[in-house]
Amino acid sequence: MEEKTNATPTNFIREIIDDDLKTGKHTKIHTRFPPEPNGYLHIGHAKSICLNFGIARDYSGLCNLRFDDTNPEKEDVEYVDSIQEDVKWLGFDWDDRMYYASDYFQKLYEFAVQMIKDGNAYVDSSTAQELKDMRGTPTEPGMFSPFRNRSADENLRLFNEMKEGKYEDGTHVLRAKIDMASPNMHMRDPVVYRIKKATHHNTGDEWCIYPMYDYAHPISDWMEGITHSLCTLEFEVHRPLYDWFLEALNLKNRPRQIEFARLNLTYTVMSKRKLLELVQEGYVSGWDDPRMPTICGLRRRGYTPESIRNFADRVGVAKRDALTDVALLEHSVREDLNKTALRMMAVLKPLKVVITNYPDDLVEELETINNPEDETKGYRKIPFSKELFIEEEDFQETPHKKFHRLSPGKEVRLKSAYIIKCEEVIKNADGDIIELRCTYDPETKSGSGSPRSVKGTIHWVSARHALKAEVRLYERLFIDEDPAGHDDKDFREFINPDSLQILNGCLIEPALANGKAGDKYQFIRNGYFCVDPLSTEKLLVFNRTVALKESFTKAVEKK
RNA sequence: UCCCCUUUAGUGUAACGGUUAGCACAUAACUCUCUGAAAGUUACGGUCGUGGUUCGAAUCCACGAAGGGGAACCA
């Protein structure tokens with residue numbers, strides 16, 4: 001369990017850490033995963049979680065979970081709960097180091113007072129619009145606010161009054177005094193505190209002034225003893241500010257911010273706003289819809305934590321914007337499930353087969369292996385009888401030349417059972433095939449050592465013993481590789497109308513009767529499936545996690 | 001328009017001045033198979049461009065191009 005054969009590949013961040021360890025800059029590595037509790041975590045967060053917690057694990061360091069909750073209007077406990085659940089589910093543990101940026105509000109306030117005393121911050125009483133107007137543009141420097149030279153005493157008094165709730169939202173802000181002419185807009189006297197008379201999910205009504213991210217983040221990192229503060233590329237231009245606050249407050253043992261490219265996956269969207277729109281506008285059933293790239297969606301879809309961690313390792317970490325092929329994610333689950341999932345017989349689109357020469361009332365209990373990749377998973381019995389169901393598409397009346405399943409006069413092996421031969425095709429008045437009449441060769445029972453072999457082997461269920469089930473097949477949610485990547489088109493235009501297909505008449509082998517939510521199986525020759533949380537004894541519901549790779553249909557389709 | 005970042009096969013990533021530029025996924029072919037899966041073998045295919053430095057450049061420099069980010073009292 002401990003030693004991994006497939007070690008996490010190195011990356012530029014690990015190289016920086018190696019170097020910091022070598023030079024003695026640090027002796028212990030400390031990272032953090034700092035989500036804002038304003039939405040559900042998705043696969044992109046999983047990358048960050050695996051990076052931060054993975055580094056802590058590999059360097060015998062620590063990784064904190066910290067809720068970056070400096071904006072009460074957007075945050076909610078619903079999200080802090082789901083985030084904890086998802087991080088744990090992914091297999092990571094923050095021990096007792098779960099923090100909130102809001103835990104630091106008092107300290108943050110004191111540091112702000114210090115900055116005012118040092119002449120590094122001032123209260124600005126301009127309106128938001130005036131602030132915007134004075135900021136200038138990327139090509140033109142900003143202008144000094146008329147409030148920029150208020151005395152420290154006046155600033156202190158005003159800032160305290162802001163805190164005491166004397167002023168309304170938007171009437172004053174605290175600003176860092178930096179450089180209104182900086183080519184980096186973030187350095188043009190950024191807002192440090194704003195007034196928000198809102199109830200905070202953690203601190204309630206204790207505060208009515210809230211620190212901005214740019215200010216709270218470096219200090220929170222510093223207070224937790226973070227050595228490497230990893231974030232995504234869009235914060236690159238914030239780094240000078242991050243460093244500026246640490247410098248202005250003369251803090252020692254400073255954390256270092258390092259940016260990496262966020263994860264993008266083909267055929268999906270990753271922004272919280274877009275995911276929210278998919279939920280709110282009813283394109284999906286909720287945050288945990290199995291088509292969603294959210295952690296809870298992937299979990300419900302049947303993805304395993306192991307497969308997501310392996311995926312994150314394979315994706316790697318770098319600084320260039322990338323669009324990762326979702327096939328890599330799918331490969332990661334297949335790889336994991338192939339080793340762990342029990343094989344089961346399940347017929348999604350049933351076609352009746354009657355074995356005419358099989359005794360009417362005989363039921364044989366045939367033995368089959370649970371997972372050929374893992375002998376220790378053992379064997380089980382499957383009932384076999386005269387009337388069976390096979391997969392509709394495993395029969396072709398006029399077979400394609402390379403088709404080697406069942407067709408008139410041809411033979412096929414029923415997995416773990418017998419070789420059968422199709423003798424007669426029964427059709428209804430409309431000409432639809434409704435039944436196949438076959439004969440079986442009693443000498444070919446599985447495990448009997450029969451020398452006969454046929455090209456095809458198909459799965460089946462016994463009509464009398466099969467259970468009914470609902471099976472949900474999922475396709476990609478979007479028909480475009482990069483639905484959010486078109487300036488001229490809304491991502492909704494690329495929604496795949498056929499991303500969900502519900503099959504109602506599926507028939508599954510009786511061993512599947514007591515599957516519990518989340519149980520994972522391979523339905524032989526069909527794919528990997530898991531029991532949906534909404535599944536009941538009365539109505540078994542399965543989600544297809546991912547189909548098996550299928551070279552035959554692909555080859556045929558190409559012709 | 002100004003600032004910052006990035007650029008290696010179809011995709012993702014490695015190589016840190018000296019390797020036939022590696023690995024994974026994808027794709028294709030074959031072998032095997034009581035899953036047309038898995039497994040195994042093979043194939044395919046790459047350093048953004050132009051100059052320069054150097055005995056030697058994916059790697060260093062310059063210029064250019066392309067992509068991304070940046071002007072919330074969001075994170």
Side-chain angles (χ1 to χ4, degrees), chain A residues 6 9-12 15 34-36 38 68-71 73-75 124 127-128 131-132 135-142 169-175 182-186 188 190-196 209-210 212-214 216-217 231-240 259 261 263 266 272 313-332 334-335 338-339 343 345 368-369 372-373 402-405 412-417 419 444 446-447 450 453-459 481 522-527 547-555:
Chain A
N6 51 338
T10 191
N11 57 56
F12 77 100
E15 286 177 4
E36 180 185 19
N38 69 343
D68 213 333
D69 54 351
T70 56
N71 187 354
E73 286 164 341
K74 292 188 174 175
E75 298 148 7
D124 197 317
T127 64
L131 249 31
K132 185 178 163 71
R135 192 152 25 233
T137 69
T139 48
E140 302 160 291
D169 290 14
T171 53
H172 306 273
V173 292
L174 185 72
R175 290 227 264 171
S182 172
N184 182 342
M185 300 295 287
H186 297 278
R188 322 247 264 226
V191 172
V192 173
Y193 266 93
R194 75 285 214 189
I195 302 169
K196 269 185 197 290
I209 56 170
Y210 291 93
M212 299 289 288
Y213 163 88
D214 282 316
H217 209 86
C231 64
T232 44
L233 248 29
E234 66 268 28
F235 293 104
E236 211 158 22
V237 287
H238 296 239
R239 197 192 327 137
E259 310 85 16
L263 174 72
T266 55
K272 277 182 187 171
D313 283 346
R314 275 191 255 253
V315 161
V317 179
K319 287 197 71 153
R320 58 171 155 152
D321 300 293
L323 181 58
T324 298
D325 193 338
V326 71
L328 190 60
L329 216 211
E330 294 174 344
H331 171 261
S332 298
R334 285 197 192 99
E335 174 190 59
N338 179 47
K339 292 180 299 191
R343 269 81 235 240
M345 301 272 217
T368 191
I369 190 165
E373 305 285 324
K402 296 192 81 174
F403 186 78
H404 48 249
R405 283 112 92 169
V412 77
R413 161 144 242 133
L414 295 177
K415 170 82 178 165
S416 300
I419 291 175
T444 58
S446 282
S450 163
S453 76
V454 286
K455 193 80 176 142
T457 300
I458 63 174
H459 57 282
E481 249 195 9
Q522 184 197 92
F523 289 175
I524 291 178
R525 300 206 308 130
N526 264 320
L548 255 29
K549 286 183 59 169
E550 240 277 58
S551 45
F552 173 69
T553 46
K554 271 187 208 163

Before accepting this row, confirm whether a basic side-chain N of the pair A:Glu550/A:Arg525 lies closer than 4.0 Å to the acidic partner's carboxylate O. no
Can you tell me how far P in B:C48 sits from the matching atom in B:A9, rounded to whole Å? 7 Å
Distance check, C1' atoms only: B:A28 and B:U13, in whole angstrom units. 23 Å
Should A:His331 be listed as having a side-chain N or O under 4.0 Å from OP1 or OP2 of B:C25? yes
Scan every strand shown for a Watson-Crick or G-U wobble partner of B:C23, both distances under 3.5 Å, and answer none if you come up empty. B:G12
Please report the distance separating the P of B:A65 from the corresponding atom of B:U1, rounded so that it comes out in whole Å. 10 Å
Among B:A75, B:G36, B:C34, find the nucleotide with the atom closest to the side chain of A:Asn71. B:A75
Whole angstrom value for the distance that separates C1' of B:U13 from CG of A:Leu328: 10 Å
Please determine whether a side-chain nitrogen of the Lys or Arg among A:Lys549 and A:Glu330 lies less than 4.0 Å from a carboxylate oxygen of the Asp or Glu. no
Side chain of A:Ala327 - closest among B:A72, B:A26, B:C34: B:A26
For A:Val237, answer base if it contacts any base atom (sugar-phosphate contacts may also be present), sugar-phosphate if it contacts only those atoms, and nothing otherwise; contact means non-hydrogen atoms under 4.0 Å. base
So what does A:Val173 hit on the nucleic acid, given a heavy-atom distance under 4.0 Å: a base, only sugar-phosphate, or nothing? base
For the side chain of A:His238 and the base of B:G70, is some donor closer than 3.5 Å to an acceptor across the two? no
Hey, does the side chain of A:Thr70 come within less than 4.0 Å of B:A75's phosphate (OP1/OP2), counting only N and O? yes
Looking across every strand, which nucleic acid part, if any, lies under 4.0 Å from A:Phe235 by heavy atom: base, sugar-phosphate, or nothing? base
A:Lys549 side chain near B:A26 phosphate (N/O to OP1/OP2, under 4.0 Å): yes
Just checking A:Asn184: base, sugar-phosphate only, or nothing, at a heavy-atom cut-off of under 4.0 Å? nothing
Using a heavy-atom cut-off of 4.0 Å across all strands, would you classify A:Gly447 as base, sugar-phosphate, or nothing? base
OP1 or OP2 of B:C23 sitting under 4.0 Å from any side-chain N/O of A:Arg314? no
Suppose we call a contact any N or O donor and acceptor under 3.5 Å apart; does that hold for the side chain of A:Arg405 and the base of B:G36? yes
Does A:Lys272 have a side-chain nitrogen or oxygen under 4.0 Å from the phosphate oxygens OP1 or OP2 of B:A75? no
Under 4.0 Å, counting only non-hydrogen atoms across every strand here, what does A:Thr127 touch: a base, just sugar-phosphate, or nothing? base
Work out how far the C1' atom of B:G46 is from that of B:A39, and round it to whole angstrom. 29 Å
What's the gap between B:G52 and B:U59 when it is taken at their P atoms, as a whole Å value? 14 Å
So, is B:A21 syn or anti if syn means the angle is within 90° of 0? anti
I need the A:Arg314 CZ to A:His331 NE2 distance, nearest 0.5 Å. 5.5 Å
Look at the side chain of A:Gln522 against the base of B:U35 and say whether a donor-acceptor pair falls under 3.5 Å; ignore hydrogens and angles. yes
Using a 4.0 Å heavy-atom cut-off across all strands, classify A:Phe523 as base, sugar-phosphate, or nothing. nothing
Over 12 foreign heavy atoms within 6.0 Å of NZ, A:Lys132: no
On RNA chain B, check which nucleotide each of A:His404 and A:Glu15 is closest to and give me the residue with the more 5' one. A:Glu15
Expressed as a whole number of Å, how far does the C1' atom of B:A14 sit from that of B:A38? 28 Å
Whole-Å P distance, B:G64 and B:C23: 38 Å
Would you mind classifying the nucleic acid contact of A:Arg343 as base, sugar-phosphate or nothing, using non-hydrogen atoms under 4.0 angstrom? base
Distance test, side-chain N/O of A:Arg194 to OP1/OP2 of B:A75, below 4.0 Å: yes
OP1 or OP2 of B:A37 sitting under 4.0 Å from any side-chain N/O of A:Ser551? yes
Please give, in whole Å, the distance from B:C4 C1' to A:Glu236 CD? 7 Å
For A:Ile369 and B:A38, give me the distance from atom CD1 to atom P, rounded to whole Å. 18 Å
Describe the nucleic acid contact of A:Thr324 in one word from base, sugar-phosphate, nothing, applying a heavy-atom distance below 4.0 Å. sugar-phosphate
Touch class at under 4.0 angstrom, heavy-atom based, for A:Arg135 against every strand present: sugar-phosphate
Nearest-Å distance, CG (A:Leu263) to P (B:G68)? 18 Å
For A:Pro34, answer base if it contacts any base atom (sugar-phosphate contacts may also be present), sugar-phosphate if it contacts only those atoms, and nothing otherwise; contact means non-hydrogen atoms under 4.0 Å. nothing
Expressed in angstrom and rounded to an integer, what is the separation of A:Lys196 atom NZ from B:C73 atom P? 10 Å
Does A:Val317 reach a base, just sugar-phosphate, or nothing at all? Heavy atoms under 4.0 Å. sugar-phosphate
May I have the distance from A:Glu36 (atom CD) to B:C74 (atom P), rounded to whole angstrom? 10 Å
Is A:Tyr213 stacked on the base of B:A75, with ring centres under 5.5 Å apart and planes under 30° apart? no
Watson-Crick or G-U wobble mate for B:C60, both contacts under 3.5 Å: B:G52
Quick check on RNA chain B: between A:Glu75 and A:Lys319, whose nearest nucleotide comes earlier from the 5' end? A:Lys319
Does any donor atom in the side chain of A:His217 or A:Asp68 lie under 3.5 Å from an acceptor atom in the other side chain? yes
A:Glu73 bridged to A:Lys196 by N-O distance under 4.0 Å: yes
Intermediate values then yes/no, side chain to side chain donor-acceptor pair (under 3.5 Å), A:Ser332 and A:Glu335: CA-CA 5 Å; A:Ser332 298; A:Glu335 174 190 59; 5.2 Å; no
B:G67 -> Watson-Crick or G-U wobble partner, both distances under 3.5 Å, gives B:C5
Nearest listed nucleotide, side chain of A:Lys415, among B:C34, B:G12, B:C74: B:C34
Any base atoms under 4.0 Å from A:Ala128, or only sugar-phosphate, or nothing? Heavy atoms, all strands. base
Taking only the side-chain heavy atoms of A:Lys402 (C-beta and beyond), determine which of B:G36, B:U35, B:C2 contains the nearest atom. B:G36
Between B:U20 and B:C3, how far apart are the P atoms? Round to whole Å, please. 42 Å
How many Å lie between CG on A:Asp325 and C1' on B:G12, as a whole number? 9 Å
With both distances under 3.5 Å as the test, what is the Watson-Crick or G-U wobble partner of B:U47? none
Starting at NE2 of A:His186 and ending at P of B:A72, how long is that distance when rounded to a whole Å? 9 Å
Heavy atoms only, 4.0 Å cut-off, all strands: where does A:Leu323 land among base, sugar-phosphate and nothing? sugar-phosphate
Do the side chains of A:His172 and A:Arg194 get nearer than 4.5 Å, heavy atoms only? no
Side-chain contact test, heavy atoms from C-beta onward, threshold under 4.5 Å: evaluate it for A:Pro190 versus A:Asp214 and give yes or no. no
Going from CG on A:Leu329 to CZ on A:Arg334, what distance comes out if it is rounded to the nearest 0.5 angstrom? 10.5 Å
